[in-house]
Amino acid sequence: MVLRTEKPASALAWLWLSLVVIALDQLTKFWALGALAPAGMPHPVIPGFLNWTLAFNTGAAFSFLATGSGWQRWFFVLLAVVISIALAAWLKKTPRGDWKSALPLALVIGGAVGNLIDRLHAAQVTDFIEVYWRTYYYPVFNVADCAISVGAVLLVLGSLFQGKKTTAVR
């Protein structure tokens, strides 16, 4: 008699969330390109807090390396591909029911691929969400950036609290 130990189903099924993020990101960017032109003109959504403002970024977060001569496009393409593959491999090793790990990984993958599509198609990332308060303006961002940020924060929080058990005081 041969006993088989079955491995639990992997969390690759969570890639559905990545696909939702990619679709939502691309649809909102398509909308922004058509509805918010010209670039740089704010369209108030919540006066004093939120505008839709079309912007383009050839760099990374906060326009990091945006002034490069073009090499940064391929650097960020390669980085997005490598990170997405690494996170998908991590998802494959993660049990499907481990949503605390799978959810943030899927969010980061979806965001990375959403911005990757822009870099491959237009050599720049389309941004349109502008948050501000008084004279402080946060850099303009998009849905993919939100997914990456939320996923990264959830990964950090998950690693900080992983394995910690609370004990009842008697």
Side-chain angles (χ1 to χ4, degrees), residues 7-34 36 39 50 52-132 137-164:
K7 291 170 44 175
S10 81
L12 281 176
W14 279 85
L15 288 175
W16 69 266
L17 179 59
S18 301
L19 293 175
V20 169
V21 169
I22 294 164
L24 186 59
D25 177 64
Q26 292 299 301
L27 286 171
T28 57
K29 288 173 179 174
F30 179 77
W31 166 80
L33 287 167
L36 303 178
L50 177 67
W52 296 147
T53 304
L54 184 61
F56 302 101
N57 184 0
T58 57
F62 307 110
S63 295
F64 177 67
L65 297 178
T67 58
S69 61
W71 63 268
Q72 73 276 20
R73 172 189 186 190
W74 300 110
F75 172 74
F76 292 125
V77 163
L78 180 63
L79 190 63
V81 168
V82 168
I83 288 172
S84 296
I85 290 170
L87 295 181
W90 188 354
L91 262 181
K92 186 176 181 181
K93 292 179 181 179
T94 302
R96 182 177 294 180
D98 183 4
W99 66 270
K100 291 180 183 177
S101 296
L103 173 77
L105 293 171
L107 287 173
V108 174
I109 292 169
V113 173
N115 283 339
L116 171 65
I117 291 168
D118 282 18
R119 290 185 198 289
L120 290 173
H121 176 268
Q124 61 190 1
V125 173
T126 301
D127 294 322
F128 63 93
I129 305 168
E130 180 179 51
V131 176
Y132 67 99
Y137 283 77
Y138 191 77
V140 183
F141 57 99
N142 59 43
V143 172
D145 298 334
C146 293
I148 292 167
S149 298
V150 169
V153 167
L154 291 174
L155 279 173
V156 169
L157 289 176
S159 68
L160 288 176
F161 298 108
Q162 184 178 13
K164 291 189 177 184

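It should be emphasised that the depicted structure is a prediction, and the values quoted were computed from it without experimental measurement.
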Distance, nearest 0.5 Å, that separates NZ of K93 from OG of S10 | 12.0 Å
Using side-chain hydrogen bond (donor to acceptor under 3.5 Å, both in side chains) as the criterion, point out the one residue from N57, D118, N115 that pairs with N142.
-> N115
In Å, rounded to the nearest 0.5 Å, how long is the span from CD1 of I148 to CG of L107?
-> 10.0 Å
With a 4.5 Å heavy-atom cut-off, do L36 and T53 have their side chains touching?
-> no
So, does S18 use its side chain to make a donor-acceptor pair with the main chain of A106 at under 3.5 Å?
-> yes
Calculate, to the nearest 0.5 Å, the distance between atoms CH2 and CZ belonging to W14 and R96 respectively.
-> 10.5 Å
Taking everything shown except W99 itself, do over 12 heavy atoms lie less than 6.0 Å from its CH2?
-> no
Interatomic spacing from CG in L17 to CG in L91 - rounded to 0.5 Å = 10.0 Å
Any side-chain heavy-atom pair of I129 and L50 under 4.5 Å | yes
Which of these passes side chain to side chain contact (heavy atoms under 4.5 Å, CB included) with L116: V77, L78, L79?
-> V77
Rounded to the nearest 0.5 Å, what's the gap from OG1 on T94 to CG on L105? Could you check?
-> 6.0 Å
Distance in Å, H121 NE2 paired with Q26 CD, rounded so as to fall on 0.5 Å steps = 9.0 Å
Give the minimum heavy-atom separation between A144 and G111, together with the two atoms involved.
-> CB-O, 3.3 Å
Minimum heavy-atom distance S84-V113, with the two atoms named = OG-CG2, 3.8 Å
For Y137, check ring pair (Phe, Tyr, Trp, His ring centres under 6.0 Å) against everything at least two apart and list the hits.
-> Y132
pair F141-V125: side-chain heavy atoms closer than 4.5 Å | no
Are L120 and W74 close enough that some pair of their side-chain heavy atoms sits under 4.5 Å apart?
-> yes
